[in-house]
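Order of the sequence lines sets the chain letters (A, B, ...), proteins ahead of strands, with each chain counted from 1.
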2 protein chains.
Amino acid sequence: MDALFTQIKISVNESIYLKDPESSTLGKSIVSESIHLIHELGFEQFTIKKLADSIGSTESSIYRYFENKHKLLLYLISWYWIWLEYKLVISTSNISQFEQKIRQAISVLIHQPEEHETFGSINLHKLYKLVTEEAPKTYMTKEVDDENQHGVYLVYKRICNRISEMIVTENPAYAYPHTLVSMIMDAIHRQQYYAEHLPSLCDAKSREQLSDFTTSLVLKSI
Amino acid sequence: MDALFTQIKISVNESIYLKDPESSTLGKSIVSESIHLIHELGFEQFTIKKLADSIGSTESSIYRYFENKHKLLLYLISWYWIWLEYKLVISTSNISQFEQKIRQAISVLIHQPEEHETFGSINLHKLYKLVTEEAPKTYMTKEVDDENQHGVYLVYKRICNRISEMIVTENPAYAYPHTLVSMIMDAIHRQQYYAEHLPSLCDAKSREQLSDFTTSLVLKSI
DNA sequence: CAAACACGATAGTAATACTACTAGATTTGT
DNA sequence: ACAAATCTAGTAGTATTACTATCGTGTTTG
């Protein structure tokens, strides 16, 4: 775990959970084991019962922390974006030159933690894979407007905004900074998913190539 | 309905259905009503029972056509891409100049059919909305590799390939044509979704702006 | 014209998402 | 110190969902 983060607590929007999973050992094992299980089974095949069984607890205990399995997914992916925002801010704040700043931002977005890399009880490597495999399912539901009003997507939007502002600072006339940034934020994960499952949809097979593609896309566009 | 298409039958990959829904009136009403219902309820809240009730049939009758609700979604969205490929090929084949060709391709991708515009019993307007709301759920599942091997995504990949080839013809040295095209194919729908539900993630609020953004992105990139 | 078959309906089952309730442990107020 | 209040997790449900096995009827075909 990065020494810088040992003091930091990731605080997820309270409307996502019923009881803070950080507040108990059961809560923590719900979180860490669900990352493992959702990654293994896929979100559709993942059930609260299976989770309860694999941590030696019961369904109702888990439902005390999360209203339903969708909220649990939302928690995990929100957690990721909060963590990513820290990394983004820390690693770009002292860079003044635009191109370097953008390169760094993209590199942070693309960086997949090493296997077994953890933050507390959370396996960052598996969480990253979970984001590439499941992220759109958090907001592509009928509850999106409601959840959005509760501030569930604030962190994600703020990340998009931070990178957009780098672009606007460089070129105030550029009309579509948010569109461009939210597009590449999606694409970075989607393209890695394609590389693994639908390779004929992409040429950038490695993370290096994807980084190269994304960076030059941004630099040429603005 | 476009006069050109009155003779054409859209033939979806056979591994998607158990019995061709085009072959009976029940099949046709399963398809047309499911578009309506999935759009109305969202795919998660949509059930085979609800579909059966609203067409005055039964669950088991529907299961004779589709193995499960995921396959039904796959059918609808595959149907859309087959239809789109026709439109793409017809409207770009006689254009020789690159920029015009790309503009036309993007325009076809972005074009949302008018309300009540239909093709046979299929409401094209609602189907387009369904694609923007649900498309990633077709391939972001644990069955993706299996389905891919059965050729379920061939049409989508072929569309990506056709547009990629336009780019390669213009600039054979460009390294990421498929990545660029699959990214914009995703983005065109995702950005329309954002415009409606998470507007702070985008600046392009109208279809015209999105078209403008996408076109200049491609032209500047290659 | 009867045997084969296609078709849709009925009536189930197992699993899932979720809830109401209960018992035990911990904290708190006096 | 200790009883009342509260907090926590577990037991035992229910309603719904996804899916299946079987049945009867109408249609086609040898």
Side-chain angles (χ1 to χ4, degrees), chain A residues 14-34 37-38 40-76 121 134 137-138 140-143 146-147, chain B residues 14-34 37-38 40-76 121 134 137-138 140-143 146-147:
Chain A
E14 289 185 15
S15 76
I16 295 178
Y17 53 78
L18 297 170
K19 178 188 153 102
D20 185 0
E22 291 285 313
S23 70
S24 72
T25 39
L26 178 63
K28 283 173 198 154
S29 55
I30 289 171
V31 169
S32 63
E33 187 63 18
S34 63
L37 264 184
I38 295 173
E40 188 178 300
L41 305 171
F43 186 63
E44 286 71 29
Q45 302 308 313
F46 166 82
T47 72
I48 301 291
K49 178 74 162 58
K50 286 172 186 168
L51 175 59
D53 287 349
S54 73
I55 59 176
S57 183
T58 60
E59 288 171 86
S60 69
S61 298
I62 293 164
Y63 279 114
R64 193 156 302 100
Y65 289 84
F66 297 99
E67 219 179 311
N68 50 50
K69 73 172 185 169
H70 177 252
K71 287 277 172 76
L72 174 52
L73 180 67
L74 207 50
Y75 180 91
L76 300 175
S121 53
E134 316 287 355
K137 294 172 193 169
T138 55
M140 300 193 81
T141 71
K142 281 289 162 187
E143 292 79 39
D146 217 59
E147 288 172 351
Chain B
E14 289 185 15
S15 76
I16 295 178
Y17 54 78
L18 296 171
K19 178 187 152 102
D20 186 0
E22 292 285 314
S23 70
S24 73
T25 38
L26 177 62
K28 282 174 199 153
S29 56
I30 289 171
V31 169
S32 62
E33 187 62 18
S34 63
L37 265 184
I38 295 173
E40 189 178 300
L41 305 171
F43 186 63
E44 285 72 29
Q45 302 308 312
F46 166 81
T47 71
I48 300 291
K49 178 74 162 58
K50 286 172 187 168
L51 175 59
D53 287 349
S54 73
I55 59 176
S57 182
T58 61
E59 289 172 86
S60 68
S61 298
I62 292 164
Y63 278 114
R64 211 179 308 280
Y65 289 85
F66 297 99
E67 218 181 311
N68 52 49
K69 74 172 184 168
H70 177 252
K71 287 278 173 75
L72 174 52
L73 180 66
L74 207 49
Y75 180 91
L76 300 175
S121 53
E134 316 287 355
K137 294 172 194 170
T138 55
M140 299 192 84
T141 71
K142 281 289 162 184
E143 293 79 40
D146 216 59
E147 288 171 352

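- For the pair A/Ser57 and D/dA9, the criterion of a side-chain N or O lying under 4.0 Å from OP1 or OP2 is not met.
- Rounded to whole angstrom, the span from the CG atom of A/Leu73 across to the P atom of C/dA17 amounts to 13 Å.
- Side-chain atoms of B/Ser34 and B/Tyr75 include no donor-acceptor pair closer than 3.5 Å.
- Between A/Lys69 and C/dA17, a side-chain N or O to OP1/OP2 separation shorter than 4.0 Å is present.
- Side-chain contact check for A/Lys71 versus A/Asn68: some heavy-atom pair is nearer than 4.5 Å.
- Below the 3.5 angstrom threshold, one finds a donor paired with an acceptor across the side chain of A/Glu59 and the base of C/dC18.
- Taking both residues in full, the closest heavy atoms of B/Leu37 and B/Ser54 are given as CD1-OG, 3.5 Å, listed atom of the first, atom of the second, then distance.
- Protein atom NE2 of A/His70 is 11 Å distant from nucleotide atom P of C/dC18, rounded to whole Å.
- Rounded to 10 degrees, the angle separating the terminal axes of the helix from C/dC1-D/dG30 to C/dT30-D/dA1 is 10°, with each axis obtained from five end pairs.
- If you measure from atom CG of A/Leu72 to atom C1' of C/dC18, you get 15 Å, rounded to the nearest angstrom.
- Atom pair B/Ile48:CD1 and D/dT16:P shows a separation of 17 Å (rounding to whole Å applied).
- One can place CD of B/Glu44 at 19 Å from P of D/dT16, the figure rounded to the nearest angstrom.
- Contact annotation: B/Ser61 side-chain N/O to C/dA9 OP1/OP2 distance is under 4.0 Å.
- One can place CG of B/Leu51 at 13 Å from P of D/dT17, the figure rounded to the nearest angstrom.
- Among the atoms of the strands shown, only primed sugar atoms or phosphate atoms (P, OP1, OP2) are found under 4.0 Å from some heavy atom of A/Tyr65.
- Side-chain nitrogen and oxygen atoms of B/Lys19 include none within less than 4.0 Å of the OP1 or OP2 phosphate oxygen of C/dA6.
- Heavy atoms only, all atoms of each residue included: A/Gly27 and A/Ser24 are closest at N-OG, 3.0 Å.
- Remark: P of C/dA15 and CZ of A/Phe46 are 18 Å apart, rounded to the nearest angstrom.
- Residues B/Tyr65 and B/Leu26 are in side-chain contact: their nearest non-hydrogen atoms beyond the backbone lie under 4.5 Å apart.
- When rounded to the nearest whole Å, the span between OH of A/Tyr63 and P of C/dA20 equals 13 Å.
- Between C/dT16, D/dG10, C/dT19, one nucleotide has an atom nearer to the side chain of A/Lys50 than all others, and that is C/dT16.
- Between the base of C/dT10 and the side chain of B/Ser60 there is a donor-acceptor pair shorter than 3.5 Å.
- The nearest pair of heavy atoms linking A/Glu22 to A/Asp20 is N-OD1, 2.9 Å.
- When distances run from any side-chain atom of B/Leu26 to the nucleotides D/dA9, C/dG8, C/dA17, the shortest one goes to C/dG8.
- One N or O on the side chain of A/Glu134 and one on the backbone of A/Phe43 form a donor-acceptor pair closer than 3.5 Å.
- A/Thr47 comes within 4.0 angstrom of the backbone, heavy atoms only, and of no base.
- Each of A/Ser24 and B/Lys49 was assigned the nucleotide of DNA chain D with the nearest heavy atom; the assignment lying further toward the 5' end belongs to A/Ser24.
- For B/Glu44 and A/Lys137, the salt-bridge test fails: no basic side-chain N is under 4.0 Å from an acidic carboxylate O.
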